[in-house]
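Quick notes on the structure that follows.
FYI, the numbering just counts along the sequence from 1.
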Amino acid sequence: MRLRALLETDALGLRLLGGEDELDRTVRGVMTTDLRDPSRYLSGGELVLTGLAWRRDAADSEPFVRILAGAGVAGLAAGEAELGDIPADLVKACLHHRLPLFAVHETVAFATITEHVVRQVSGERAGDLAAVVDRHRRLMTSGPAGGGPEVVLDLLTSDLDLRAWVLSPTGRQIAGAGAPLPGPLGAALAGHHLAATRTGRRGPYRAAVAGTTYSLFPIRNTGRGAVPAARDVRESVLSDWLLAVEADASDWPAARLDLLQGVTQLIAVERDRRDAARTVRRRLAQEVLELVQAGAAPAEIAARLRVAAPVLLPGLGVAPQWQVVVARVDWSASGQGAAAGDIASGPVAQALLEEILVDPAVSGPDSADRIAVAHTGEEAIALVPLPTVVTVPAESGEGDAARAAVEDADALAGEPGLHADALLASVREPLSAGLADDGRLTLGVSAAVHSAEGLRGALEEARHARRVAAARPGRVCAAGHHELASHVLLLPFVPDDVRRAFTARLLDPLRDYDRRHRAELIETLEAFLDCDGSWTRCAARLHLHVNTLRYRVGRIEQLTGRDLSRLEDKLDFFLALRMS
C-alpha cells in the first residue's frame with residue numbers, strides 16, 4: 001500500500017505536515033518507537049509511529065530523522081497527545097531529509113493505525129502472490145504471436161504497477177509501455193548495465209539516475225534452442241538487450257523476481273526471432289563483400305546490388321548511392337575469461353555496428369531494416385544505401401523527351417549520408433562503459449559512391465579511416481573519409497617507436513620546462529600554430545601581451561633548436577602535437 005492511501009483514510013486521523021511529493025512511497029510495515037536510535041529494528045519501508053518521548057530539545061529532531069531516512073522508512077507519524085502541536089524543528093528536519101511527516105490526532109490510538117496497516121499490507125501481499133501466478137500464465141501466452149514486447153510491458157504496467165522499457169546496449173528504446181524513455185536517460189541506464197555486466201555480477205542490477213531507482217535485467221534466451229552461452233562476457237556484452245524497470249528489485253519476493261525473469265525470456269525469444277530476420281540482409285552484404293574483395297567485374301557486383309536495393313529499400317525504383325562503414329572491436333589481455341586473441345570479435349562488431357547505424361531518434365526493433373552488415377575476420381563491414389528521389393518532369397508540349405534526374409535526398413542539407421562523429425555522439429558513453437579498461441571500438445566511414453565501380457575504393461577508404469581512428473586516444477573513436485585528404489592519413493602508418501622518438505625530441509624539452517617553471521610553452525605552441533603564426537591573434541587568444549608571447553616563442557626555439565618562422569619547423573611541431 002502507499003502513504004497516499006493512509007492519508008485518504010479518514011478513520012486514521014492523519015494530517016500531512018510535509019512530504020507531499022513523496023506520498024507514492026510503498027508502506028511494507030509499521031513500527032512504534034520512542035527510542036532515540038531505532039535503526040537496529042528497521043528494515044526499510046515502515047511507517048514509524050512515535051509519541052515523541054525521545055525528544056528532549058530541538059537539537060534531537062535532526063539526528064532522529066536522519067536515522068529514519070537512512071534506514072529507508074516510508075514515513076513518520078507523530079502523535080499530538082503528548083505535546084499538542086508537532087514541534088517545528090521536527091517538521092524542518094523531515095523536510096530537509098524528504099521524509100513524509102504526519103500528525104496523528106490525539107483521539108486516534110497508534111494501535112488503530114497499526115492494525116489497519118498490517119491488515120492492508122498482508123492482504124495485498126497475498127493478492128500479489130496470487131496475481132503473480134496468474135500473470136505468469138498470461139505472460140507465457142503473450143509472446144511474439146500475442147503482440148511482442150509491448151504486450152508484455154503493458155501487462156507489467158497495468159497489473160503490477162511497474163513501468164518498464166526494453167533497451168538496446170546503447171540505450172535506444174526497443175519497446176516500452178506509456179511515455180517513451182528520454183534518450184539521455186536510456187543511454188545512462190545502458191551504461192550502468194554494461195558496467196555492471198563487465199564485473200561479472202548477476203542481474204538484476206540496481207541503478208539510480210536523476211533521483212529515481214531502476215532495476216536492470218539482462219535479456220538472454222536460456223531456454224530450448226538458445227544460442228550457447230558465451231565463453232567470455234566480452235563476446236556478448238555489447239549486443240545484449242536489457243529490461244529497465246522503474247523500481248528497486250532488491251527487496252522483491254522470489255515470486256516477483258521469477259516473474260520478471262520470465263518476462264526477459266519472452267523478450268529474448270522475440271529478439272532471436274528478429275535477429276533471424278536479419279539473416280537475409282547479412283547474407284546480401286556478405287555476398288557483395290566477397291565479390292568486391294575478390295575483384296569481381298563491376299557488372300557482377302552491380303547485379304548483386306540490384307538484388308540488395310529492393311530488400312533494403314522496398315519500393316525504390318532505382319539503384320541508390322552506397323556508403324561503406326567498417327568497425328572493429330579489439331580487446332586487450334584480461335585476467336578473467338578467454339584470452340583476448342580467442343574472443344570472436346567479428347560477430348561482436350557486426351551486432352554492434354547494426355545497432356550504431358540505427359537512427360537513435362527512432363524507437364522500435366524494426367528500424368534497422370535498411371542496414372546490411374557482414375563480418376570478415378575481426379572486422380564488421382556495413383553496406384548502407386542512401387535513399388534517392390526520382391524526379392520525372394511532366395511531359396511538355398514542346399516535344400521534349402521526359403527526363404529523369406536522380407537527386408540525393410540529403411543534398412539540400414549538405415553532404416549526404418553518414419558522418420563519423422554523428423554516428424557515435426549518442427552511444428559513446430554507454431559503449432565506453434561496456435568496453436571498460438580492456439576494449440576499444442574504432443570505426444571508419446567512406447564517402448558515398450554511385451556505382452559498383454566505386455565500391456572497392458569505398459571499402460578501402462573506410463578501412464583507412466578506421467586506421468586513422470585507431471591512432472587516436474579513447475575507447476570509442478571514429479574517422480570519416482574527409483579526413484583522408486589531409487596529413488592525418490599518414491599518421492597511423494608511422495611505427496610507434498618512430499612516433500615516440502619524434503615527439504620526444506621536439507616536445508619533451510618543452511614539457512620538462514613547463515613542469516619546472518609552469519611556463520605553458522606547450523599551450524603557447526598549440527595556439528601559435530592554430531593562429532597560423534599571427535602574433536596579434538595568438539596573443540589575444542592567450543590573453544597575453546605580444547612581447548610576452550614573443551618571449552615564450554623565443555624560449556621554445558631556444559629549447560628545441562627550431563625556428564618557428566620556417567614552414568618546415570612549423571610542420572614538424574604540428575605533426576608532433578598531433579601524434580603525442
Flag if over 12 foreign heavy atoms under 6.0 Å of CG, Asp437: no
Ignoring hydrogens, what is the shortest heavy-atom contact between Leu424 and Ala478? Give both atom names and the distance. CD1-CB, 3.3 Å
Heavy-atom distance under 4.5 Å between the side chains of Leu167 and His193, does that happen here? no
Minimum side-chain heavy-atom gap Leu431-Ile356 below 4.5 Å: yes
When you measure from the side chain of Asp514 to the backbone of Leu521, do you find a donor-acceptor pair of N or O atoms at a distance under 3.5 Å? yes
Closest heavy-atom pair, Arg25 versus Leu99, reported as atoms and distance to 0.1 Å, is NH1-CD1, 3.7 Å
Regarding Thr442 and Arg466, do their side chains bring together a donor and an acceptor under 3.5 Å, going by distance alone? yes
Mind jotting down which residue pairs meet the ring pair (Phe, Tyr, Trp, His ring centres under 6.0 Å) criterion with at least one end in residues 19-43? Sequence neighbours excluded, please. none
Tell me, which pairs form a salt bridge (Lys or Arg N to Asp or Glu O under 4.0 Å) where one or both residues lie in residues 29-51, sequence neighbours left out? Arg36-Asp60
Can you confirm whether Asp57 is buried at CG, in the sense that more than 12 heavy atoms of other residues, nucleotides or ligands lie under 6.0 Å from that atom? yes
Do His96 and Val65 have side chains that approach each other closer than 4.5 Å (heavy atoms only, starting at C-beta)? no
For Glu80, what residues pass the salt bridge (Lys or Arg N to Asp or Glu O under 4.0 Å) criterion, not counting sequence neighbours? Arg15
Considering residues, nucleotides and ligands other than Arg98, do more than 12 of their heavy atoms fall under 6.0 Å from its CZ? no
